[in-house]
S.K.: 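My structure is below; once you've seen it, I'll send some questions.
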Amino acid sequence: MKFEDFIDVRDGTHDSPKAVEDGVYLLTTKGLKNQKIDFEGLKKVSFQDAKKINERSIVEQYDILLSMIGTVGNVYQERKSSVPYVIKNVALLKFHGDKVLSDWIYYYLLSPSGQQQINLRKKGSTQQFISLKDIRNISVDLPSRSEMKLLVKKLNVVNDKILLNEQINDNLAETKSAIFNELFDSKLANGLNGKLQDITDLKTGKRPKNKFNQRDSKAIYPIIGATKVMGFTTDYLYDESVITIGRVGTHGVVQRYREPIWVSDNSFIFLSEHEDYLYELLSHRIKYSSLNVGSTQPLITQSDLKNIDIYVPTKQEFSIFEERTAALTKYQFKLNKQSSTLKALQNSLLDKYF
């Protein structure tokens, strides 16, 4: 069956409503990341504009969102009954409260088979996209209702634990940001005394010798792209604690790793003794759009990044901050490791069931 035969497939507004300070979040593709929504950086629109958007594209509980432009194929299932956003240029799969069918399609879209269906329909050379018509024409074998219930029950056990870990991790991140703001807000506002290069060694990644879409017995090292793991390879470039951000294409997605990895040539690598402080700067205090020097494709140079003005804390200030955040960071990485194991199990089940 095609999606259009049993799913109400729509998309968000094509208008560009004016941004306001007090209003409703306007969710676009850049807000869909790793099966969740990142509200940071999203603009807000007026309640009147939001009401107009919702007349044709209201998101309700158990609906699924699918990114259509740029990074195509990110999937998010809305589990909450109250939705604090409206959508623009995002595909909306409506299930009208049917949780079982929504769960099954959600896992299908996450599976290798579902992602292959999406990849086959991508278009565009400079910027990839998938049309609403192509989404409606995605074909799938639909099992019986009882089979759906059995499959999603098993998958939900794993997925719910992954989502719980991510929620705890997000809460820890907010706590660390609050500590950072308490200690350094006034300093950053009034006392810039150095450059980013004063607290970090900045390098550029490299193109891997080989790349595989799936992890196997030889290709065990993740290839880190601008926003996510983009494959696996047989060797690693770094086996230490690092921070990465995108160099070409998507900017501003900050990632941390404490495992053997290969960082692709479209990303920067930061090595620092003060990672927690550097992470807060890179995540919340840099306007990446002002650093873009690319015309057809966004690009940031090493030189421009190195020379960003920052506040360099004293040895005592670093010590105070890191004493309060080190344990939180350690627990975050523990959760990440657990989630990686769970995601590997989830991928194995998705590959088996779909």
Side-chain angles (χ1 to χ4, degrees), residues 30 33 38-43 169-205 224-227 237-238 240-258 261 263-294 298-333 336:
K30 72 176 183 178
K33 298 174 183 176
D38 182 2
F39 288 98
E40 187 167 346
L42 296 181
K43 74 176 186 179
N169 213 322
D170 289 343
N171 292 341
L172 293 172
E174 289 178 7
T175 301
K176 292 197 298 182
S177 291
I179 295 170
F180 177 90
N181 294 338
E182 177 189 348
L183 294 175
F184 300 114
D185 254 353
S186 61
K187 302 286 187 180
L188 286 161
N190 304 306
L192 303 183
N193 61 354
K195 304 289 185 181
L196 194 66
Q197 63 185 358
D198 295 334
I199 64 169
T200 185
D201 183 15
L202 176 58
K203 301 178 182 294
T204 301
I224 310 305
T227 63
L237 197 58
Y238 291 92
E240 55 192 303
S241 191
V242 301
I243 297 175
T244 73
I245 66 167
R247 181 181 70 88
V248 181
T250 304
H251 298 149
V253 179
V254 187
Q255 304 177 88
R256 296 183 71 172
Y257 295 92
R258 289 182 178 176
I261 58 171
V263 183
S264 71
D265 56 348
N266 66 357
S267 297
F268 287 122
I269 305 105
F270 298 84
L271 305 170
S272 176
E273 295 180 358
H274 306 292
E275 263 194 29
D276 280 345
Y277 184 81
L278 176 62
Y279 181 84
E280 292 297 326
L281 290 178
L282 294 173
S283 298
H284 307 296
R285 301 290 175 147
I286 294 177
K287 189 176 181 180
Y288 291 96
S289 59
S290 66
L291 300 173
N292 176 34
V293 296
L299 173 69
I300 295 178
T301 68
Q302 260 202 43
S303 176
D304 286 344
L305 262 182
K306 287 179 178 179
N307 287 292
I308 290 175
D309 294 318
I310 67 165
Y311 174 72
V312 180
T314 65
K315 186 175 181 180
Q316 182 181 13
E317 287 172 331
F318 270 133
S319 179
I320 292 171
F321 177 63
E322 288 160 1
E323 282 178 3
R324 295 171 68 179
T325 60
L328 303 180
T329 300
K330 184 178 180 180
Y331 188 47
Q332 283 183 298
F333 276 103
N336 287 342

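Fair warning: this is a prediction, and the values are worked out from it, not measured in the lab.
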S.K.: Would the Tyr277 and Phe184 ring centres measure less than 6.0 Å apart?
M.R.: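 Yes - the distance between ring centres of Tyr277 and Phe184 falls below the 6.0 Å cut-off.
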
S.K.: Which label fits Phe180 and Phe321: parallel for a plane angle under 30°, tilted from 30 to 60°, or perpendicular past 60°?
M.R.: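 Perpendicular: the ring planes of Phe180 and Phe321 meet at over 60°.
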
S.K.: Quick one: pull up CG in Asn190 and OG in Ser186 and give me the separation to the nearest 0.5 Å.
M.R.: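 Nearest 0.5 Å value for the CG-OG distance: 6.5 Å.
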
S.K.: If you round to the nearest 0.5 Å, how far is CD of Glu40 from NZ of Lys30?
M.R.: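 Here the interatomic distance stands at 10.0 Å.
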
S.K.: With rounding to the nearest 0.5 angstrom, report the NZ to OG distance, Lys176 to Ser283.
M.R.: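 Here the interatomic distance stands at 9.0 Å.
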
S.K.: Could you measure the distance from the CG atom of Leu328 to the CG atom of Asp276? Nearest 0.5 Å is fine.
M.R.: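 One finds 8.5 Å between CG of Leu328 and CG of Asp276.
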
S.K.: Check Asp265 against Thr204 and note the closest heavy-atom contact, atom names and distance.
M.R.: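 The pair with the smallest heavy-atom distance is O-CG2, 4.1 Å.
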
S.K.: So do the side chains of Ile245 and His251 get within less than 4.5 Å of each other, counting heavy atoms only?
M.R.: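 Answer no - side chains too far apart.
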
S.K.: Would you call Tyr257 and Val263 a side-chain contact if the rule is heavy atoms closer than 4.5 Å?
M.R.: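 Not in contact.
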
S.K.: I need the Ile243 CD1 to Ser267 OG distance, nearest 0.5 Å.
M.R.: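 Reported value, rounded in 0.5 Å steps: 13.5 Å.
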
S.K.: If you compare all heavy atoms of Glu317 against all heavy atoms of Pro313, which two are closest, and at what distance to 0.1 Å?
M.R.: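 Nearest heavy atoms, Glu317 then Pro313: OE1-CA, 3.2 Å.
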
S.K.: Return the minimal non-hydrogen interatomic distance between Glu280 and Ala173, and the atom names on each side.
M.R.: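 Of all heavy-atom pairs spanning Glu280 and Ala173, the closest is OE2-O, 4.4 Å.
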
S.K.: In the structure I gave you, are the side-chain heavy atoms of Asp38 and Val253 within less than 4.5 Å of one another anywhere?
M.R.: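 A side-chain contact under 4.5 Å is absent here.
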
S.K.: Go through the steps to decide whether Leu196 and Phe270 satisfy the test side chain to side chain contact (heavy atoms under 4.5 Å, CB included), and finish with yes or no.
M.R.: CA-CA 10 Å; Leu196 194 66; Phe270 298 84; 4.1 Å; yes

S.K.: Which pair of non-hydrogen atoms, one from Ala226 and one from Gln255, has the smallest distance, and what is that distance?
M.R.: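 Scanning both residues completely, I find the closest heavy atoms to be O-NE2, 3.7 Å.
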
S.K.: Any salt bridge (charged side-chain N to carboxylate O under 4.0 Å, His left out) pairs touching residues 301-311, not counting sequence neighbours?
M.R.: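 For residues 301-311, and leaving out neighbouring residues, the salt bridge (charged side-chain N to carboxylate O under 4.0 Å, His left out) pairs sorted by first residue read Lys195-Asp309.
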
S.K.: Can you tell if the side chain of Glu323 reaches within under 4.5 Å of the side chain of Ser319, non-hydrogen atoms only?
M.R.: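 Answer yes - side chains close enough.
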
S.K.: Whether the Thr227 and Lys33 side chains hold a donor-acceptor pair (N or O, under 3.5 Å, no angle test) is what I'd like checked.
M.R.: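 Judged by distance alone, the side chains do not pair up.
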
S.K.: Contact between Ile261 and Leu237 at the side-chain level, heavy atoms closer than 4.5 Å - yes or no?
M.R.: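 They are not in side-chain contact.
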
S.K.: Are there over 12 heavy-atom neighbours, none belonging to Glu240, within less than 6.0 Å of that residue's CD?
M.R.: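 More than 12 heavy atoms, drawn from other residues, nucleotides or ligands, come within 6.0 Å of this atom.
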
S.K.: With no hydrogens and no angle check, is any side-chain donor or acceptor of Asn266 less than 3.5 Å from a backbone partner on Arg247?
M.R.: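 Between the backbone of Arg247 and the side chain of Asn266 there is no qualifying donor-acceptor contact (under 3.5 Å).
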
S.K.: Partners of Phe39 by ring-ring contact (aromatic ring centres under 6.0 Å, His included), sequence neighbours excluded?
M.R.: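 Tyr25.
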
S.K.: Give me the atom names and distance for the closest heavy-atom approach of Val312 to Asn193.
M.R.: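 Minimum heavy-atom separation between Val312 and Asn193: N-OD1, 2.6 Å.
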
S.K.: First locate atom CZ of Arg256, then atom OG1 of Thr329, and finally report the distance between them rounded to the nearest 0.5 Å.
M.R.: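 Going from the CZ atom of Arg256 to the OG1 atom of Thr329 covers 5.0 Å.
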
S.K.: State whether the side chain of Thr244 and the backbone N or O of Ile269 hold a donor-acceptor pair below 3.5 Å, judged by distance alone.
M.R.: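 Judged by distance alone, no pair lies under 3.5 Å.
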
S.K.: Tyr311: what forms a ring-ring contact (aromatic ring centres under 6.0 Å, His included) with it, not counting sequence neighbours?
M.R.: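 If we apply the ring-ring contact (aromatic ring centres under 6.0 Å, His included) test to Tyr311, skipping adjacent residues, there are no hits.
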
S.K.: What do the steps show when you test Ile224 against Val242 for side chain to side chain contact (heavy atoms under 4.5 Å, CB included), and what is the final call?
M.R.: CA-CA 11 Å; Ile224 310 305; Val242 301; over 6 Å; no

S.K.: I need the minimum non-hydrogen distance between Ser177 and His284, along with the two atoms involved.
M.R.: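 Result for this residue pair: OG-NE2, 3.3 Å.
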
S.K.: Can you check whether Ile199 reaches Leu281 side chain to side chain, under 4.5 Å on heavy atoms?
M.R.: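 Of all side-chain heavy-atom pairs linking Leu281 with Ile199, at least one is under 4.5 Å.
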
